[in-house]
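Throughout, residue positions are numbered sequentially from 1 according to the sequence presented.
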Amino acid sequence: MVNGHQLNENADSSYFSRQIDFKTAVNMMLENNPSLKAAEKNIELSRRQTQLISASWFPTITMTGTYVAMSDKISVSQEYASLLEPIKDKYDNTFLVSDVIDYISNELGDLSFDVPIMKNDFGSLDMEVIFPIFTGIKRVYAYQLSKDNETLSEYEKETIEAAKYLELADVYFSLRLAESMILVFKETKEMTQNHYTQALKMEGIGMFDKAERLIAKVALDESDRNLKSVMNNADALRKALFTIIGQDTSPESQKNNQKHPTTSTSLFMSNNYPSIEWFKDMMKKNAFIFKQSELQQDISQKTLRISQSNYFPVISLFGKQTIASYHIPNNLMPNTIAGINMTWDIFDGLARERSIQMVKIESEMITETQNNIKDELEVAVNEWYAQLRQSCVDANDLKSSLEFAEEVYKIRKKAFIEGLATSQQVLDAMNLLNKTKLLLLSAYYKYDIAMAHLCCLCGIAEYFESFISDNYETIEE
């Protein structure tokens, strides 16, 4: 059996140095991962959007300043004859006066003069207030929609966390598997080296020919290649782990820290795992896709209400106060103005109706997409649960096979020393033993990955860590 304590104690100290458990890796990932930081910023952006929409409930106060210079003064044309009308009315009954006035008016005819009203330059400083009092309940739904988008951004962050958690679990336990395989291949190389030494001795005393030694030499070279290959794979996985948890992977950092950290959380397994019904129940209660589906439906309804509210008028109070003016007579432009304004689109080329139809179509598309994703999610849960169950079956069978393989290797090894077995027979027994160890490690790994996928798909990623610590059987046991 592969012993995890040997991984930490007996491994080459030049290859492994410090340990990182899965919980620590999760905390580092949550703290340093740039995708999660971007999701946090998206939540903050949604909150700011809600605050922006809340501003529509308050009046808008604007200060404006205007200065105008014109080539001519503003004036009106005044006829001279019209100025005599009041005198004529006053002396209408006086002898000869009305006749004289009529004569003068006729003589003046259309003659007129310009009366200045404003100078050719003027300006003002004004304060304007606009306060919408009715918008067709658009503001109510817009605010509710912004709150839903805020909640949706939080769900999206949780979805990203689950995806990154799953990515971390895949890389972390793949690295753990690779480190365990390193021990197996080191042990294989050591066993092959011992067998090669025995073959040399047996050849020296004439019990076996050169071919037996060469067979052992080929096996020794192959074990060395396998060990280097899995070490390279572990290095690649280690860099991937460092990237996920936000650690520096630059060449300078690798040069300063030449030793390689190792995982300390073991591969684990238990035959007492929850039922498929339990996982599906947790999926319906906690899966992010189900939460998002309900919220998306609510968002679609509110978007539809906003589109329908465009049929209502917009009514606003408005007012203006002139703070200061220059060359503007008060009798022409009052200092204070207040009133009520209504804007109502009577006909817009059926644009509003088309908008409502588009919103309804988008709502139907969202519903169909969400239903499809739910079906795919349930299929994925069934598939991963099947792998979980099969991993337990495989592990139980492999434990028995491992005992037999160890016994076969001992028999072949003893027979070789006594001259009753060939090198190939010993190597076949050794390969069978090591293959069984690797298959057992793989069964534990598949169980852990299946459990991680089930927990993340069902929205209960935190349960995965509890499965690790709840006295589950580890590969060391």
Test side-chain hydrogen bond (donor to acceptor under 3.5 Å, both in side chains) on Lys138 and Asn310; report intermediate values, then the result.
CA-CA 8 Å; Lys138 188 181 286 137; Asn310 290 327; 3.1 Å; yes
Quick one: does Ser266's side chain get under 4.5 Å of Arg176's, heavy atoms only?
yes
Show the nearest heavy-atom pair for residues Thr436 and Leu398, with the distance to one decimal.
CG2-O, 3.7 Å
Just by distance, do the side chain of Asn149 and the backbone of Leu145 share a donor-acceptor pair under 3.5 Å?
yes
What pairs of donor and acceptor atoms, side-chain ones from residues 54-64 against any protein atom, are under 3.5 angstrom apart with sequence neighbours left out?
residue : atom : partner : partner atom : Å
Ser54   : OG   : Thr50   : O            : 2.9
Ser56   : OG   : Ile53   : O            : 2.7

Measure across Val184 and Leu438 and return the closest heavy-atom pair with its distance rounded to 0.1 Å.
CG1-CD2, 3.9 Å
Is any side-chain heavy atom of Leu168 closer than 4.5 Å to a side-chain heavy atom of Leu241?
yes
Side chain to side chain contact (heavy atoms under 4.5 Å, CB included), that's the test. Do Leu433 and Val408 meet it? Break it down for me.
CA-CA 8 Å; Leu433 174 60; Val408 170; over 6 Å; no
Asp21 side chain to Thr265 backbone, donor-acceptor under 3.5 Å:
no
Tell me whether the count of non-hydrogen atoms from other residues, nucleotides or ligands lying under 6.0 Å of CZ in Phe404 goes above 12.
no
Flag the pair Lys437 / Glu187 as yes when at least one side-chain heavy-atom distance between them is below 4.5 Å, and no otherwise.
yes
Under 6.0 Å between ring centres: does that hold for Phe467 and Tyr273?
no
Aromatic ring pairing Tyr463/Trp278, orientation class (parallel under 30°, perpendicular over 60°, tilted between):
tilted
In chain order, what residues pass the ring-ring contact (aromatic ring centres under 6.0 Å, His included) check against Phe22, with sequence neighbours excluded?
Tyr165, Tyr172, Phe173, Phe464
How long is the straight-line distance from OH of Tyr447 back to SG of Cys392, given to the nearest 0.5 Å?
5.0 Å
Can you measure from CG (Leu36) to CG (Asn42) and round to the nearest 0.5 angstrom?
12.5 Å
Does anything in residues 377-392 form a salt bridge (charged side-chain N to carboxylate O under 4.0 Å, His left out)? List the pairs, not counting sequence neighbours.
Lys280-Glu378
Quick one: pull up CD in Gln308 and OG in Ser355 and give me the separation to the nearest 0.5 Å.
10.0 Å
Contact check, side chains of Asp170 and His453, non-hydrogen atoms, under 4.5 Å
yes
Taking salt bridge (Lys or Arg N to Asp or Glu O under 4.0 Å) as the test, write out the residues that go with Asp281, two or more places apart.
Lys285
Sorted by first residue and then second, give each salt bridge (charged side-chain N to carboxylate O under 4.0 Å, His left out) pair with at least one member in residues 34-51; sequence neighbours left out.
Glu40-Lys157, Glu44-Arg47, Glu44-Arg48, Arg47-Glu150, Arg47-Glu154
Which pair of heavy atoms, one from Ala395 and one from Leu440, lies closest together, and at what distance?
O-CD1, 3.8 Å
Please check this pair: side chain of Asn32 against backbone of Met28, looking for a donor-acceptor N/O pair closer than 3.5 Å.
yes
Shortest non-hydrogen contact from Thr188 toward Ser223:
CG2-CB, 4.2 Å
Which residues pass the side chain to side chain contact (heavy atoms under 4.5 Å, CB included) test with Ala287, not counting sequence neighbours?
Met283, Ile289, Phe290, Leu377
For a quick test of reading the model, state the closest non-hydrogen atom pair linking Ala234 to Ile182 and the distance between them.
CB-CD1, 4.0 Å
Val171 versus Thr243: any side-chain heavy-atom pair under 4.5 Å?
no
Please enumerate all residues that pass side chain to side chain contact (heavy atoms under 4.5 Å, CB included) together with Glu403, with sequence neighbours excluded.
none
Candidate pair Leu52 and Gln49, rule side chain to side chain contact (heavy atoms under 4.5 Å, CB included), full reasoning:
CA-CA 5 Å; Leu52 179 62; Gln49 184 69 25; 4.2 Å; yes
As an exercise, state the distance from CD1 of Ile133 to OG of Ser316, rounded to the nearest 0.5 Å.
7.0 Å
Of all heavy-atom pairs linking Tyr385 and Ser275, the shortest is OH-CA, 3.4 Å
Output all residues satisfying side chain to side chain contact (heavy atoms under 4.5 Å, CB included) with Lys446, sequence neighbours left out; order by chain, then residue number.
Gln387, Ser391, Ser442
Spacing of OG belonging to Ser146 relative to OH belonging to Tyr141, to within rounding of 0.5 Å
14.5 Å
Does any N or O in the side chain of Ser401 come within less than 3.5 Å of the main-chain N or O of Asp397, such that one atom is a donor and the other an acceptor?
yes
Can I get a per-line list of side-chain donor-acceptor pairs under 3.5 Å for residues 362-369, giving both atom names and the distance, sequence neighbours left out?
residue : atom : partner : partner atom : Å
Thr367  : OG1  : Gln297  : NE2          : 2.5
Thr367  : OG1  : Ser363  : O            : 3.0
Thr369  : OG1  : Met365  : O            : 2.8

Sequence neighbours left out, what passes side chain to side chain contact (heavy atoms under 4.5 Å, CB included) with Tyr155? Give chain and number order.
Thr151, Glu158, Lys291, Gln292, Leu295
Test item: Ile43 and Glu156 side chains (from C-beta on) under 4.5 Å apart, heavy atoms
no
Would you list the pairs meeting salt bridge (charged side-chain N to carboxylate O under 4.0 Å, His left out) in which at least one residue belongs to residues 424-433, sequence neighbours left out?
none
Taking atom CD of Gln424 and atom CD1 of Ile215, what is their separation to the nearest 0.5 Å?
5.5 Å
Check whether any side-chain N or O of Asn286 sits under 3.5 Å from a backbone N or O of Cys458 as a donor-acceptor pair, and report yes or no.
no
Is it true that atom OH of Tyr311 has more than 12 heavy atoms of other residues, nucleotides or ligands lying nearer than 6.0 Å?
yes
Verdict with reasoning, Asp394 to Gln390, per side-chain hydrogen bond (donor to acceptor under 3.5 Å, both in side chains):
CA-CA 6 Å; Asp394 293 343; Gln390 187 60 43; 2.8 Å; yes
Output yes when Lys239 and Asp235 qualify as a salt bridge under the 4.0 Å nitrogen-oxygen rule, no when they do not.
no
Please lay out, stage by stage, how Phe185 and Asn434 fare under the test side chain to side chain contact (heavy atoms under 4.5 Å, CB included).
CA-CA 8 Å; Phe185 283 115; Asn434 293 326; over 6 Å; no
With the threshold set at 4.0 Å, does a side-chain nitrogen-carboxylate oxygen contact exist between Lys228 and Asp224?
yes
Could you give all pairs that pass the salt bridge (charged side-chain N to carboxylate O under 4.0 Å, His left out) test and reach residues 299-319, with sequence neighbours left out?
Asp148-Lys302, Asp298-Lys302
What do the steps show when you test Met231 against Lys186 for side chain to side chain contact (heavy atoms under 4.5 Å, CB included), and what is the final call?
CA-CA 10 Å; Met231 282 178 137; Lys186 279 189 174 183; 4.1 Å; yes
